[in-house]
2 protein chains.
Amino acid sequence: MVTLKDVALKAGVSPSTVSRVVSGNGRVGQKCREHVQAVIKQMNYRPNTHARALACNRVEMIGLITPNVSTPFNGSIAIGVEEAAIELDYKTLITNTFRSPEAAINAIESFREQGCENIIIHTHSIDDVTLVKLAKEIKGLVVVNRFIAPIAQRCVWIDNVYGGRIAAEYLIAQGHKKLTIITDDKTARDPKDRILGIKQAVEDAGLHIPEERILFGINSIGNIEHGRKLARQLIEEKRDFTAVLAYNDMMAIGAINEFQDMGYKVPEDISVIGFDDLFICEVSRPHLSTIHYPIVEVAKFATQLSLALTNGDEGVIGKANMFMPSLVERSSVKNIKNNK
Amino acid sequence: MVTLKDVALKAGVSPSTVSRVVSGNGRVGQKCREHVQAVIKQMNYRPNTHARALACNRVEMIGLITPNVSTPFNGSIAIGVEEAAIELDYKTLITNTFRSPEAAINAIESFREQGCENIIIHTHSIDDVTLVKLAKEIKGLVVVNRFIAPIAQRCVWIDNVYGGRIAAEYLIAQGHKKLTIITDDKTARDPKDRILGIKQAVEDAGLHIPEERILFGINSIGNIEHGRKLARQLIEEKRDFTAVLAYNDMMAIGAINEFQDMGYKVPEDISVIGFDDLFICEVSRPHLSTIHYPIVEVAKFATQLSLALTNGDEGVIGKANMFMPSLVERSSVKNIKNNK
DNA sequence: TTGTACGCGTTATCAG
DNA sequence: CTGATAACGCGTACAA
């Protein structure tokens, strides 16, 4: 392994000079710099990450904390992070917390101790208060897919209220008057925001959603199974509705499956709309209409923001951190305007 | 940040003693050890990764090289790796190569330079010869989901021939006589092995698959789109068949979608079987019958093997590295034994 | 068993 | 603009 000293020796200069040309800090004579650069290339020298980290207590690495990369949504977050990281030659360190708060806190501690200040938080295992405190201590901490008012400038999220609104508006425009919602944990913010948007649209149209048509999950993770369960409940308890707004695509697809298994046709008997726009929308039958969530872009921006925060690049800072979702029409919603 | 020296000071011993109790190398008096451990816990000391890496030129980190974690198969590999890594307190560094050979080679180089000898290769961007060479130089290099004879003991893979065989046997048992195969790149090993297994089963049954009923992809990645394309070709060119063996679930689902869009019913008109057993099998209509690939287990084992290789634990070494796939019956294959 | 001293590869502070 | 020199935190021969 070729070191800085080796280069210095061969180039006939001091180690410090080599360090200067490598890092770009400090002035070096034009001629001298070029010579050193040539030697570096010739010897194929590459700086040692650990020595550098030890010396300046910082490291070119970005840590992502996520529940489980193997799910499509989380996987896309990871991709966005790495795409942005790679552009600046940062490495990506991923920790899956599997919904364990301790694992999440541990991971953050571990990152910090290694001098990694660029941390992307994508988990709900850590509460707002803790995160606000951590954000004060860690320059490059950024929260993705979540909004925490006191550190809004450190969050990158989407307008869930708007997302809920356009979903409902679409259903209403297709003639649906009796909407129902199957969603995630009652206490979580995203479900609440989306419901808020839905209610706004519903009221604007002079309609109403009774509480009994809003089904929550308890300690759920908005997955297929959860969607199935609530769909079954909808049918068994004979709720009166023509369309379902699911919290996300996974739940929507679970619901569609359950409806179909119970003998209902989608969208002929029941219309369903999802949220996220994962690749499975094209897999399901019928193809799932949904609200597009620009996941990769969001994650990419979050990463750029984190990097800007620690490196003092003002470019990204101050830009809007809220992205807008958009409607994607496929075939899980039926136009019933002229029926009934 | 609390260092080894701080602990030594507080405990009234020398730094080397603390180092010894932390690392476990070298004898330390029972009483002394306990005292030091108490102080460590009390001060919440945690060793500095970089200093350690610098001093001994090795690091407790495992690097995964994968095309793109955001796809279900690759994501599961990542999960398996991290699950195994976390058990030994190793960190997981993930690099997505997006099918670029340079990116893959770069990542390996980068890992090595950082003293990371534990590298899990999950990509076909690097050829066999290069990998064999690298395996000689890097103690902890392990190849997952791929078999390379000269370094078989460093590969963890599944029996693709057997997988192909049981898939075909199942179809044949269901009365299918005219099978067709839609698969991946002709030059890749996995498709070839699976085809081999299929042919074995077919011949054992006294049947035959003409070459025109085996459709390959070119430079494809076995995704949904690819499945759609070959399915369409099957129909348009009026190939004669009752069942389709897809290279993997993604292709199978693409094919099912295409068949359905063209007005065919699955499995009534055409039966389809996949490979991998991803979560989308339960999503598709009909639910996809497939060959189960123990992805997480394979990745986990590969990681344990890598760790054993570098740490000299002989436990895992020598065990069989080949896992066996198994049949999962769902509803995409019709029994036509008593028809026609 | 325990402590001392040096080196790992780099950066940063200070002279020159 | 350049070169010594001292850290950074830890492991490890070597000495005690």
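In what follows, every chain begins at residue 1, and chains take the letters A, B, ... in the order their sequences are listed. Worth knowing before you read on, the calculation uses all heavy atoms, side chains too, and leaves out hydrogens, waters and symmetry mates.
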OP1 or OP2 of D/dT12 under 4.0 Å from side-chain N/O of B/N25: yes

- request: Please report, rounded to the nearest Å, how far the P atom of D/dG11 is from the CD atom of B/E60.
  value: 10 Å

task: Please tell me which of the listed nucleotides, C/dC8, D/dC8, C/dT11, lies nearest to the side chain of B/L54?
output: C/dC8

message: A side-chain contact here means heavy atoms from C-beta on lying under 4.5 Å apart; do A/Y45 and A/V22 qualify?
response: yes

query: Base, sugar-phosphate, or nothing for A/P15, non-hydrogen atoms under 4.0 angstrom?
result: nothing

- request: Indicate whether OP1 or OP2 belonging to D/dG11 is found under 4.0 Å from a side-chain N or O atom of B/R52.
  value: yes

message: Any carboxylate oxygen within less than 4.0 angstrom of a Lys/Arg side-chain nitrogen, looking at B/K300 and B/E297?
response: no

message: Among B/W157, B/Y293, B/F301, which residue satisfies the ring-ring contact (aromatic ring centres under 6.0 Å, His included) criterion with B/F323?
response: B/F301

task: Please figure out whether B/A51 or B/V28 has its closest DNA chain C nucleotide nearer the 5' end.
output: B/V28

field: Distance in angstrom units between B/H50 NE2 and D/dA7 C1', rounded
entry: 17 Å

Whole-Å gap separating P (C/dT10) and CZ (A/R58): 16 Å

query: Would you say B/N44 and B/V2 make side-chain contact, with heavy atoms under 4.5 Å?
result: no

field: Nearest-angstrom distance from the residue atom CG of B/L4 to P of D/dC8
entry: 13 Å

field: Side-chain N,O (B/R27) to OP1/OP2 (C/dT1) below 4.0 Å
entry: no

query: Among C/dA12, D/dG3, D/dG11, which nucleotide sits nearest the side chain of A/C56?
result: C/dA12

- line: Rounded to the nearest 0.5 Å, the CD1 atom of B/I62 sits from the CD1 atom of B/I119 at a distance of 9.0 Å

- prompt: At under 4.0 Å between heavy atoms, what does B/V22 touch on the DNA or RNA strands: base, sugar-phosphate, or nothing?
  reply: nothing

- request: Using whole Å, report how far CG of B/N57 lies from P of C/dT10.
  value: 12 Å

Protein-nucleotide distance (A/K31, atom NZ; D/dT2, atom P), rounded to Å: 11 Å

Candidates D/dC10, C/dT4, C/dT10 - which lies nearest the side chain of B/S14: C/dT4

Contact nearer the 5' end of DNA chain D, comparing B/T17 with A/R33: A/R33

- prompt: So does A/S19 get a side-chain nitrogen or oxygen closer than 4.0 Å to the phosphate oxygens (OP1/OP2) of C/dT11?
  reply: yes

message: Counting only side-chain nitrogens and oxygens, does A/T3 get under 4.0 Å of the OP1 or OP2 atom of C/dG9?
response: no

query: Can you tell me how far C1' of D/dC8 sits from CD of A/Q114, to the nearest Å?
result: 15 Å

B/R20 CZ - D/dC14 P separation (whole Å): 14 Å

